[in-house]
There are 2 protein chains.
Amino acid sequence: MADSSRRNPSKPRISMKEIARRAGVAPMTVSRALADPDKVSPDTRARVLAVIEREGFIRNQIASAMSSTPSRRRMLGTMVPPLINSGIAEQVQGMSDACHEAGYQLLLIQGAFDPEAEEKAIRALLGWQPAGLILQAFVTSDSARHLLAAGEVAVVEISEIRGHEPIDMAVGVSNFDTAYAMTRHLIGKGYRRIGFASTPVHGNDRLQQRRIGYRQALVDHGHVYPGGLEIEVPITAQGGAAALVALSARDPELDVLFCSSDTLAIGAVQECHRRGWKIPGRMAIAGYGDMDLAAELYPRLTTLRIPRYQMGRRAVEQMLRRLKGEPELPRIVPMEFEIVERESA
Amino acid sequence: MADSSRRNPSKPRISMKEIARRAGVAPMTVSRALADPDKVSPDTRARVLAVIEREGFIRNQIASAMSSTPSRRRMLGTMVPPLINSGIAEQVQGMSDACHEAGYQLLLIQGAFDPEAEEKAIRALLGWQPAGLILQAFVTSDSARHLLAAGEVAVVEISEIRGHEPIDMAVGVSNFDTAYAMTRHLIGKGYRRIGFASTPVHGNDRLQQRRIGYRQALVDHGHVYPGGLEIEVPITAQGGAAALVALSARDPELDVLFCSSDTLAIGAVQECHRRGWKIPGRMAIAGYGDMDLAAELYPRLTTLRIPRYQMGRRAVEQMLRRLKGEPELPRIVPMEFEIVERESA
DNA sequence: CTGTTAGCGCGTTCAA
DNA sequence: TTGAACGCGCTAACAG
C-alpha cells in the first residue's frame with residue numbers, strides 16, 4: 001500500500017522571504033528581481049537570482065495571483081468542447097505552447113452540452129481569477145454570455161467568425177468561405193453531381209455556414225439539383241458510409257461526395273472499397289479538417305486544412321496583446337485556410 | 001478594434017464578506033456553508049446559500065487555496081506528453097470528468113522531450129500549489145524525479161507498471177502482458193510467421209515491454225524465426241507501410257504483421273490495398289490501441305484496447321482517495337485491457 | 001453551532 | 001535603487 005507516512009505534504013517550500021534573508025535583501029527586492037528585473041541593480045539581481053537558483057526556489061503563484069492586479073496574473077482559463085477530438089487537441093497544443101512560452105499556465109475545463117452545466121463550468125473557471133478566458137465551445141447559455149459580457153475578464157472565442165458577434169474577441173475561420181471554396185474547387189475539377197454530407201447542423205453554426213457555403217457555390221456556378229443532394233448523418237465513419245449509400249441511391253450519377261468532416265469522408269472511402277468502386281474514377285470524395293490520417297489513406301484524401309495549432313496560438317497571442325493593453329487591437333482575427341488537393345477528388 | 005474601455009477588468013466581484021453581511025452571519029459561516037455544510041445549522045445554511053445563489057457569488061479559489069491546508073486545495077496539476085494524440089486526449093477527458101465531478105480543476109501543462117524543459121514544466125506546475133500531480137509523460141530527468149520524490153505533493157503516474165518503481169503511485173497496464181496476449185492470440189489463430197513493427201523503442205519502456213512480450217510469447221509457443229521478424233519504423237502510417245514492405249521482402253511467407261500502434265497498422269493496411277493483397281487472406285494485420293478509426297477501416301482492424309478514458313478517471317480517483325487519507329491504498333493500479341477481434345487478423 | 005483572531009506569501013504603494 | 005507597511009479574500013484554530 002501507499003506509504004503515505006513517508007511523504008510529507010505539509011513541509012512548506014522555501015519562501016521568498018527566506019530567499020531575501022539569504023541574499024541579504026528585502027523580500028520586495030526578490031519579488032522585483034523576478035517580475036521587473038530592470039528595476040533592480042544588476043548586481044543585486046545577480047545575487048538574488050543566484051540564491052534562487054541554488055535553493056531551487058519556486059514562486060508561489062497562488063500568493064502572487066492574490067496580490068497582483070488582474071492583468072498580471074499568469075493563468076488563462078480555457079473551456080473546450082465536451083468531446084475532445086484530435087482537432088481540438090491540436091488547438092489546445094497551440095494554446096499550451098503559446099502560454100508556456102510567455103510564462104502563463106492553462107487551466108482546462110470541459111464544456112457541456114447543456115447550458116446550465118456550461119455556465120457552471122465558466123463560473124468554475126472564473127473562480128480561479130484567470131487573466132483571461134479562451135472559449136472553444138460555443139457558448140449557448142444566455143446567462144453565461146451575460147456573465148462574460150459584464151466584462152470582468154477578457155475573452156477570446158475560437159469560433160465561426162461570420163455573422164457572429166463576439167462576446168469580446170474572436171479567432172477563427174469563416175466556415176461559409178471554406179465550404180464555398182471547396183465546392184468551387186470541385187466544380188472546377190469538372191464534377192457534375194456534388195453531394196454534401198454533414199453531421200446534424202441544428203444548433204451548430206459552423207456546420208450551418210458550411211452548408212450555406214456549399215449551396216451558394218452551386219448557385220453561383222449554375223448547378224441545380226432538383227430534390228437536393230444533401231444529407232445529415234451521425235458523426236462517425238459509419239455515418240459517412242451511410243451518406244454515400246443513401247445519396248448514390250438517390251442520384252446514381254453522383255460523382256463526388258463532399259463531407260463536412262474527414263471522419264465522414266474516411267467512412268465514405270471505406271464504403272467505396274467495399275463496393276469495389278474506384279476513387280476517384282467511379283466516385284470522388286472530399287473531406288474537411290485534414291486529420292493526420294487523411295494523408296495516409298488509400299487513396300489519399302483531398303480535404304480542407306484549418307490551421308488548428310496556429311489558431312490556438314493566435315488566440316493566446318491575441319489575449320496577451322490585450323492584457324498588455326495594446327491599442328488598435330482588432331476584435332476579430334480571421335485565419336487562413338487551405339484546400340489540400342490529393343488523390344481522392 | 002477591441003473596445004477595451006467598455007470592459008472593466010478591475011471591478012471586483014462580490015466577496016464572501018459581503019455575502020456574510022447580507023445573510024447576517026460571519027464570513028466564517030459562509031465559508032463553512034460552502035466547505036463543510038454539516039457544520040452549519042440547516043436554516044443558517046439555507047439562508048446563506050440563498051444569498052449566494054441570488055448574488056451569483058463565485059468563491060475566489062485563489063484566496064481559498066492560499067489559506068487552505070494543501071490536501072484541501074481543489075486543483076490538480078497534470079503533465080501530458082509533448083505530442084497530444086487521440087489516446088492522450090481520451091485520458092485527459094477521463095481526468096477532466098473525474099475532476100469536475102469532484103469539484104476539482106485541472107491545470108494542464110505539456111511535457112517536453114528534453115529533461116531540462118521537463119523539470120521546468122514540473123516546477124511551473126508546483127508553483128500553483130496543486131493538491132496533487134498526475135503525470136502522463138514518462139519522467140526522465142533525475143532532478144525532476146528527485147523534486148517529486150521529496151514528497152511535497154502526491155503523484156500519480158499513468159505509465160507502464162511492469163518493472164517501474166513509481167515515484168508515488170501509478171496507474172496503467174503491463175505492456176508486456178498486452179503484447180504477449182496479442183501474440184498468443186495470433187498464434188492461436190494459426191498464423192505461422194508473425195512480424196512485429198514498432199516505432200523506435202530506445203528510451204521508451206512501454207515499447208520495450210511490448211517487444212519483450214512479443215518475443216516471450218513466440219518462445220513460449222515454439223516459434224523461432226532465424227534472423228527475426230522485427231523492425232523499427234517512424235511513427236506514421238507511412239512507417240507502417242514501410243514495415244510491411246521490408247518484412248515481407250525479408251520473409252515472403254510472412255502471414256501477419258503485429259504493429260505496436262494502430263497508426264502503423266493503418267499504414268500497413270493501406271499498403272496491402274495498394275498491392276491488391278487480400279486482408280486477411282494474403283496478409284493479416286493487427287494493431288494496438290484501438291483508435292476510433294480502427295473500427296471504421298476496411299477491413300476493420302483487429303487490435304488491442306486500453307481503456308484510456310477509464311485510466312484517466314482512475315488516476316484522478318486514486319489521487320482523491322489519497323487526499324482523503326484513505327488507508328490501505330495500493331500504490332499500483334493495474335488496468336484491464338482487451339483484445340478486440342475484428343476482420344483484419 | 002457560531003464568531004473572532006490571525007495569518008497564508010506575495011505585490012502594491014509609498015517613503016526613503 | 002531599495003525597503004516597510006499594508007492588504008488581497010479566504011480558512012485554520014480556537015474560544016464562546
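Throughout, protein chains are lettered first and strands after them, A, B, ... in sequence-line order, and every chain is numbered starting at 1. Below, all heavy atoms of this structure are taken into account, side chains as well, without hydrogens, waters or symmetry copies. Just so it is clear, the structure is predicted and the values come from calculations on it, not from any experiment.
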State whether R308(A) and E90(A) are salt-bridged, where the test is any N-O pair (Lys NZ or Arg NE/NH1/NH2 against Asp/Glu carboxylate O) under 4.0 Å.
no
Heavy-atom distance under 4.5 Å between the side chains of L34(B) and I52(B), does that happen here?
yes
Those residues of residues 15-27 of chain B lying under 4.0 Å from DNA chain C by at least one heavy atom:
V25(B), A26(B)
Looking at S31(B), I'd like to know whether one of its side-chain N or O atoms comes within less than 4.0 Å of OP1 or OP2 on dT11(D).
yes
Is there a donor on the side chain of S67(A) or the base of dC8(D) sitting less than 3.5 Å from an acceptor on the other?
no
Counting only side-chain nitrogens and oxygens, does S68(B) get under 4.0 Å of the OP1 or OP2 atom of dT11(D)?
no
Within this structure, what is the CG-CD1 distance for the pair L49(B) and I19(B), rounded to the nearest 0.5 Å?
10.5 Å
Could R32(A) and D38(A) be called an ion pair, given the rule that one side-chain N must be under 4.0 Å from one carboxylate O?
no
Nearest whole angstrom, please: distance from the P of dC8(C) to the CH2 of W128(B).
20 Å
Measure CD/Q129(B) against C1'/dC8(C) and give the value in whole Å, please.
10 Å
Mind checking the CE-CD1 spacing from M79(A) to I109(A)? Nearest 0.5 Å is all I need.
8.5 Å
Gap between atoms CE and P, on M28(A) and dG3(D) respectively (whole Å)
11 Å
Any Lys/Arg nitrogen of E18(A) or R22(A) sitting under 4.0 Å from an Asp/Glu carboxylate oxygen of the other?
yes
Phosphate-side-chain proximity, R73(A) and dG11(C), N/O vs OP1/OP2 below 4.0 Å:
no
When you measure only distances, ignoring hydrogens and angles, does the side chain of R13(A) come within 3.5 Å of the base of dG9(C) through a donor and an acceptor?
no
On the nucleotide dT2(D), are OP1 or OP2 found under 4.0 Å from the side-chain N or O atoms that T29(A) carries?
no
So what does R32(A) touch, heavy atoms closer than 4.0 Å: a base, only the sugar-phosphate, or nothing?
base
Any salt bridge between E165(A) and R331(A), counting N to O under 4.0 Å?
yes
Just the rounded figure in Å: distance from C1' of dT12(C) to CZ of R72(A).
10 Å
Between R123(A) and E119(A), is the closest basic N to carboxylate O distance under 4.0 Å?
yes
What residues from residues 38-63 of chain A pass a heavy-atom cutoff of under 4.0 Å to DNA chain C?
F57(A), R59(A), N60(A), A63(A)
Is the shortest distance from a Lys or Arg side-chain nitrogen in R313(A) or E317(A) to a carboxylate oxygen in the other one below 4.0 Å?
yes
